Enquirer: 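Quick one: the structure is below, and I'll ask about it shortly.
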Amino acid sequence: MSEPDPRDALVEHLPAMRAFAISLTRNGATADDMVQDTLVKAWTNIDKFQAGTNMRAWLFTILRNTYYSSRRKAKREVADVDGTHTEALAEKPAHDGRLQMTDFRDAFAQLSDEQREALLLVGASGFSYEEAADMCGVAVGTIKSRTNRARLRLAELMHLDDDEALEMTDDATMSVLTASKAASF
């Protein structure tokens with residue numbers, strides 16, 4: 001005769017689990033959520049339950065651990081009941097980066113094949129000048145020259161000054177983001 005499936009026994013422990021969860025949380029809705037989380041964990045880990053041992057003790061241990069894990073997590077969270085912190089949050093729009101990337105691709109396409117190859121090998125792929133020179137069958141100085149000229153040409157095509165970095169957000173957007181972050185302090 002085969003042993004009964006321990007999953008069938010989970011249901012009979014629900015009232016006791018709910019009572020235990022309410023005693024821990026002092027909140028019916030939170031207790032119900034914890035019981036549900038416990039059941040999901042027990043169901044997915046039923047192979048770890050040892051037949052012949054106390055199912056209720058096993059479930060209560062899972063429930064207790066779930067409760068304490070949620071308490072530790074709650075300590076790290078910030079309560080924002082009135083939405084003050086949420087209102088101060090700002091995120092850089094994704095479209096700015098896409099627009100800058102489009103400009104970069106257009107400028108990159110205008111470089112010579114040799115310059116694009118040198119930038120891809122040294123800049124994007126992270127190869128050393130020596131490795132890139134070996135791959136291209138040219139002198140190291142040639143790769144350095146192509147890379148430098150390609151970088152200068154990109155800056156020229158993208159209308160970047162010598163001290164200006166490629167920003168993925170324009171100045172107007174950055175001022176709005178900075179102002180809303182400053183207002184939150």
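Worth saying up front: this structure is predicted, and the values here are computed from it rather than measured. Each residue takes its place number in the sequence, starting with 1.
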Enquirer: Do K41 and N65 make a side-chain contact, defined as non-hydrogen atoms from C-beta onward lying under 4.5 Å apart?
Expert: no

Enquirer: Carefully, step by step, assess F104 and L154 under the rule side chain to side chain contact (heavy atoms under 4.5 Å, CB included).
Expert: CA-CA 8 Å; F104 172 78; L154 274 177; 3.7 Å; yes

Enquirer: From C136 SG over to R146 CZ, what is the distance, rounded to the nearest 0.5 angstrom?
Expert: 6.5 Å

Enquirer: Would you say R56 and F60 make side-chain contact, with heavy atoms under 4.5 Å?
Expert: yes

Enquirer: Assess whether atom CD of Q50 is packed by more than 12 heavy atoms of other residues, nucleotides or ligands within 6.0 Å.
Expert: no

Enquirer: Just checking, is any N or O donor in the side chain of T25 or N27 under 3.5 Å from an acceptor N or O on the other one?
Expert: no

Enquirer: Hydrophobic clustering (ILVMFWY, side-chain heavy atoms < 4.5 Å, transitive) - are I22 and V35 grouped together?
Expert: no

Enquirer: Are side-chain heavy atoms of F108 and L120 found at a separation under 4.5 Å?
Expert: yes

Enquirer: To the nearest 0.5 Å, tell me how far T38 OG1 sits from H13 NE2.
Expert: 13.0 Å

Enquirer: Check whether any side-chain heavy atom of L63 lies under 4.5 Å from a side-chain heavy atom of D37, and answer yes or no.
Expert: no

Enquirer: Does the side chain of T102 come under 3.5 Å of the side chain of R105 through a donor N or O and an acceptor N or O?
Expert: no

Enquirer: Is R116 reaching over with its side chain to a backbone N or O of A109, donor-acceptor style, under 3.5 angstrom?
Expert: yes

Enquirer: Give every residue pair that meets the ring pair (Phe, Tyr, Trp, His ring centres under 6.0 Å) criterion with at least one member in residues 21-51, sequence neighbours excluded.
Expert: F49-W58

Enquirer: Provide the closest heavy-atom pair for A9 versus M55 in the form atom of the first, atom of the second, distance.
Expert: CB-CE, 4.2 Å

Enquirer: Report the distance from atom CE of M34 to atom OG of S70, rounding to the nearest 0.5 Å.
Expert: 5.5 Å

Enquirer: Side chains of Q115 and L119: does their closest heavy-atom pair fall under 4.5 Å?
Expert: no

Enquirer: Tell me, with the steps shown, if R153 and L157 meet side chain to side chain contact (heavy atoms under 4.5 Å, CB included).
Expert: CA-CA 6 Å; R153 181 71 178 136; L157 291 169; 3.3 Å; yes

Enquirer: Main chain of S128, side chain of E131: is a donor-acceptor contact present, judged purely on distance under 3.5 Å?
Expert: yes

Enquirer: What do the steps show when you test Y67 against I62 for side chain to side chain contact (heavy atoms under 4.5 Å, CB included), and what is the final call?
Expert: CA-CA 9 Å; Y67 171 73; I62 294 172; over 6 Å; no

Enquirer: Can you tell me how far the CE atom of M17 sits from the CG atom of D32, to the nearest 0.5 Å?
Expert: 10.5 Å

Enquirer: Test your reading of the model: is there a side-chain donor-acceptor pair from S125 to the backbone of V122, 3.5 Å cut-off?
Expert: no

Enquirer: Given side chains that start at C-beta, do those of R151 and T147 come closer than 4.5 Å, heavy atoms only?
Expert: yes

Enquirer: Going hydrophobic residue to hydrophobic residue with side-chain gaps under 4.5 angstrom, can you get from L14 over to L59?
Expert: yes

Enquirer: Is there a side chain to side chain contact (heavy atoms under 4.5 Å, CB included) between R149 and L111 once you walk through the steps?
Expert: CA-CA 10 Å; R149 287 187 183 145; L111 298 177; over 6 Å; no

Enquirer: Do any N or O atoms from the side chain of S23 and from the backbone of F20 form a donor-acceptor pair under 3.5 angstrom?
Expert: yes

